[in-house]
Number of protein chains: 2
Amino acid sequence: MATKGTTGIIGGNALRNRDHNQKVVLDYVRANEPAGRAEIARSCGLSIQAVSNITADLEQQKLLMPDGHRTEGKRGKPALQYRFNPEGAFAIGVELRPDAVVTTALNLSGKKIYNARVPLDDARPTPAIKAVGDEVRKAIEASGFDPKSLLGVGVVMPGPFGDTAISRAGDAVLPDWEEVEPQSAFEQEIGYPVLIENDATAAAVSERVAGVASDLDDFCFVYFGSGIGLGVVTKGHVLRGAFGNAGEIGHIVTQIDGHQCPCGNRGCLETYASRIAARNYLQPFGIDPQSGADFADLVDQRNPHFLAWIDQAAKHLSPVIGTLENLFDPQSIILGGAMPDAVIDALIARLDLPKGSVANRDERACPRVMRGFSGRLTAALGAGAMVIHQTITPNKHSY
Amino acid sequence: MATKGTTGIIGGNALRNRDHNQKVVLDYVRANEPAGRAEIARSCGLSIQAVSNITADLEQQKLLMPDGHRTEGKRGKPALQYRFNPEGAFAIGVELRPDAVVTTALNLSGKKIYNARVPLDDARPTPAIKAVGDEVRKAIEASGFDPKSLLGVGVVMPGPFGDTAISRAGDAVLPDWEEVEPQSAFEQEIGYPVLIENDATAAAVSERVAGVASDLDDFCFVYFGSGIGLGVVTKGHVLRGAFGNAGEIGHIVTQIDGHQCPCGNRGCLETYASRIAARNYLQPFGIDPQSGADFADLVDQRNPHFLAWIDQAAKHLSPVIGTLENLFDPQSIILGGAMPDAVIDALIARLDLPKGSVANRDERACPRVMRGFSGRLTAALGAGAMVIHQTITPNKHSY
DNA sequence: TTTATTTACTCAATTAACTTGAGTTAAGTA
DNA sequence: TACTTAACTCAAGTTAATTGAGTAAATAAA
């Protein structure tokens, strides 16, 4: 028989249905805790009895916990309120960079409970995977959690994912990883489920699990790494595209016949508004910021050259944000990543958002652009958040 | 109790699960017909017995039909092949324009079985809804189908959907519709389930139901109407955004300080590459194409002014297509809509797609850009296809 | 030609998980 | 104090899946 195409969508049965319903309940409680069972039942389209069984299950799994009776002054028997049990499970997030391994642990509420950073001498697969494994084992030990309650390990690493003109032009690629299938390689080393994700998507999920997007289902995250990336969440789900390369915002052309970009285009956003672009811009003036703190200092000192760069970056970023608004129609766009808050804030302040945008409307629940709940650990925290997100979020839109 | 947010994701039970599984089976058969039950079971993650029950159900509903035994020269008992039953059900698609109502009927395979176009004198709600109702009733009558097998009616109409700067600047708005909730208004008039959609999204779905995208799960459709729109399908699902306005491609700025656009921006794509843009461009040369046929004639005659416009449109469209590729990472991008095939083909031939794109890779299953299975009826056919799509496509990604 | 194997399927029994309906408990209200 | 409302619990009933045993129809091997 010829191989026929499959969409990956499969049928349901009682067990898979229970799995789905558990996630539906968890996702509701996540966004609305504390919540009673009757309330959950109404919101999730289930009977009270079903919700009772499910919460009992989740309580046994230590994912939910009861938290007293509340009534808010209403009639009737006060509902037993359920909450996430932050101590019930945890996740580990790793950022693998060419020069370092950053490791974090998060409790079920997405709160950071551990972080560490070690330099990496050799980023080729064998030593790097070993180093990540060692760091994960240290994190499990240091977390103080029962290792059995580890939900999984998320790993953020630079591409290449697939063979495209852009991934070949990547600036922070790991050496000799072309032939390695990272997920299974890490799972073999670590012995827990592993998720691989790019930095921007992980950061976006992080904002939803425990950041400014906790009650947003549609948003974009513009990630300032060494380049510039985009993570998109629509209807609570990550957008990955057909080949996992969705969100390549860095090579949108913002200036016809602009700067030459290694990708082959001219005038890519990344050549104007990214960490690398900033360093290239400042170099002629003898300024060479290395760390995030250096960039923050430049803002604090109101360095005129850096402020000029911010103006330039904002000029190129503004129409791209308009494009994102018009294409994805998100509730908001979040800026963050490996840049200090002060830089992101300055950039946001300089944005000149286009008037011709579907986001330009009178009643808005949140601003068109927000700064993320970021910090230097964004990528590693996001990696851990991916794991939590996966255990919590149902993969169905609606019946 | 304060109103708590709901994602619209609800839990499952046996009945909803059956519904989902029916769609999973239908979607598999759609993409792989003819197919035997054992094959369906393997691909859909269900037991043979379950698939047997489901196909029996679907056969009774006249959505599937058996089509002989095939074995393709393999061992074992030949499987009874199932196919869509094109005569088992039908859908009606309507395009409501300020000046006309276009009505189509499609069988379950998405094939056009009826179409009609009547002028519309008065596009205000009351007369327009009445006119649509009359046309739908005519279509039911003329289709020759049992009215009970009508799955629903899709209606494509210009906005406004929500109150944004762009929808206010729309060029083809219907008068006095601000206060009307179109879906329930049409349902009341027609007595069947009604779906409202925009032209570009409907066209995209049409390509998936019975066009060049029938085996694509991730693609974009660039729709040339009076303006220019975008429909996006990811993982087989329509992307709508938080407020239903996703895909507003027309107001992406392609030229800094370019043409003034009614939306408030300068240099919007729509001011260069749209039907209106073409007419504005040609007017100074005394050329005034009215119909699609007029545009086709201009291509046939190799009219130098029109060819120059196509060059201009292609120049502005090319980077936007690169942007779509980088943001959505689709399998392909389809061009179509209310422009004759000859114009679309000429435009595609002139495109200069950016090298710096995740779509620029060596092994591709289909071209980066294709022409849609279009024709003048695209919008109305797409409206009907929405209905078929909805009855066929499961709304779950995967378990 | 006969036998074995493979594959597709049917029938009957079992099972998981949700719903329904009949109480029970605990609060506010008249 | 009695009534109402709301949140539950318990037991029975329902749906639609799975599982296991058996049958039918084809090719492949002996």
Side-chain angles (χ1 to χ4, degrees), chain A residues 1-2 4 10-25 28-29 32 34-61 64 66-82 394 396 399, chain B residues 1 4 10-25 28-29 34-61 64 66-82 394 396 399:
Chain A
M1 169 192 341
K4 298 200 176 185
I10 64 172
N13 55 27
L15 284 107
R16 294 199 270 245
N17 206 335
R18 166 60 77 107
D19 216 69
H20 169 76
N21 287 352
Q22 282 199 0
K23 290 187 180 183
V24 170
V25 169
Y28 182 83
V29 175
N32 302 285
R37 282 168 286 188
E39 173 194 336
I40 297 171
R42 280 188 298 269
S43 298
C44 297
L46 292 167
S47 64
I48 294 181
Q49 185 58 57
V51 172
S52 252
N53 294 338
I54 290 166
T55 51
D57 241 49
L58 292 171
E59 196 180 333
Q60 222 199 333
Q61 292 173 53
L64 288 186
D67 182 36
H69 295 263
R70 294 219 195 145
T71 175
E72 289 151 33
K74 285 174 319 186
R75 274 195 177 189
K77 177 175 174 177
L80 178 60
Q81 303 296 116
Y82 278 89
K396 185 180 303 199
Y399 268 100
Chain B
M1 168 193 343
K4 298 200 175 185
I10 64 172
N13 55 27
L15 285 105
R16 294 199 269 245
N17 206 336
R18 166 60 78 106
D19 217 68
H20 169 76
N21 286 352
Q22 282 200 0
K23 290 186 181 183
V24 170
V25 169
Y28 181 83
V29 175
R37 281 168 286 187
E39 172 194 337
I40 297 171
R42 279 188 300 268
S43 298
C44 296
L46 291 167
S47 63
I48 295 182
Q49 185 58 57
V51 172
S52 253
N53 294 338
I54 290 167
T55 51
D57 241 51
L58 292 171
E59 195 181 332
Q60 221 198 335
Q61 291 173 54
L64 288 185
D67 182 37
H69 293 264
R70 295 222 193 143
T71 174
E72 288 152 35
K74 285 173 318 186
R75 272 194 178 191
K77 178 175 172 178
L80 178 61
Q81 303 296 115
Y82 277 89
K396 185 179 303 201
Y399 268 102

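We name chains A, B, ... by the order of the sequence lines, and we start the count at 1 in each one.
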Whole-Å gap separating P (D/dT15) and CZ (B/Arg18)
11 Å
Between C/dT10 atom C1' and B/Arg37 atom CZ, what is the distance in whole Å?
9 Å
Suppose we screen for side-chain contact (heavy atoms from CB on, under 4.5 Å). Which residues come up paired with A/Gln61, at least two apart in sequence or across chains?
A/Gln22, A/Asp57, A/Leu58, A/Leu63
Taking atom CZ of A/Arg37 and atom CZ of A/Arg42, what is their separation to the nearest 0.5 Å?
13.0 Å
It should be established whether A/Ser52 places a side-chain nitrogen or oxygen under 4.0 Å from OP1 or OP2 of nucleotide D/dT9.
yes
Determine the contact category for A/Ala38: base if any of its heavy atoms lies under 4.0 Å from a base atom, sugar-phosphate if only primed atoms, P, OP1 or OP2 are that close, otherwise nothing.
sugar-phosphate
Distance check needed: C/dC18 P versus A/Arg16 CZ, whole Å only.
15 Å
Taking only side-chain N and O atoms of A/Asn17, does any of them lie within less than 4.0 angstrom of OP1 or OP2 on D/dA17?
no
Between D/dT15, C/dC9, C/dA8, spot the one nearest the side chain of B/Arg42, thanks.
C/dA8
Output one line per pair: protein atom, nucleotide atom from nucleotides 1-3 of chain D, and distance, for all N/O pairs under 3.5 Å.
none

Quick one: pull up OG in B/Ser43 and CD1 in A/Ile10 and give me the separation to the nearest 0.5 Å.
11.5 Å
Going by salt bridge (charged side-chain N to carboxylate O under 4.0 Å, His left out), name the pairs with one or both residues in residues 45-56 of chain A, residues two or more places apart or in two chains.
none
Restricting both atoms to N or O, compile the protein contacts to nucleotides 20-24 of chain D shorter than 3.5 Å, with distance only.
none

Would you kindly give the CG-to-P distance between B/Asn21 and D/dT15, to the nearest whole Å?
17 Å
Grab the CD1-C1' distance between A/Ile54 and C/dA16 for me, whole Å please.
12 Å
Main-chain N/O of B/Gly11 paired to B/Arg16 side chain as donor or acceptor, under 3.5 Å
yes
At what distance, to the nearest 0.5 angstrom, does SG of B/Cys44 lie from OH of B/Tyr28?
7.0 Å
Would you call B/Glu59 and B/Pro66 a side-chain contact if the rule is heavy atoms closer than 4.5 Å?
yes
Against the side chain of A/Leu15, the closest entry in C/dA17, D/dT15, C/dC9 is C/dA17
Comparing A/Ala14 and A/Ile48 on DNA chain C - which has the more 5′ nearest nucleotide
A/Ala14
side-chain contact (heavy atoms from CB on, under 4.5 Å) against B/Ile48, all qualifying residues, sequence neighbours excluded
B/Ala38, B/Ala41
Rounded off to whole Å, could you give me the CG-to-P distance for the B/Asn13 and D/dG13 pair?
20 Å
Given D/dA16, D/dT18, C/dA8, the nucleotide with the shortest approach to the side chain of B/Ala79
C/dA8
In whole Å, what is the span from the CD atom of B/Gln81 to the C1' atom of C/dC9?
13 Å
Just wondering, do B/Val29 and B/Val25 contact through their side chains at under 4.5 Å, heavy atoms?
yes
From the options A/Asn21, A/Ile40, A/Val24, A/Leu64, select the one residue that forms a side-chain contact (heavy atoms from CB on, under 4.5 Å) with A/Ile54.
A/Asn21
Rounding to an integer number of Å, can you tell me how far B/His20 NE2 sits from C/dA17 P?
17 Å
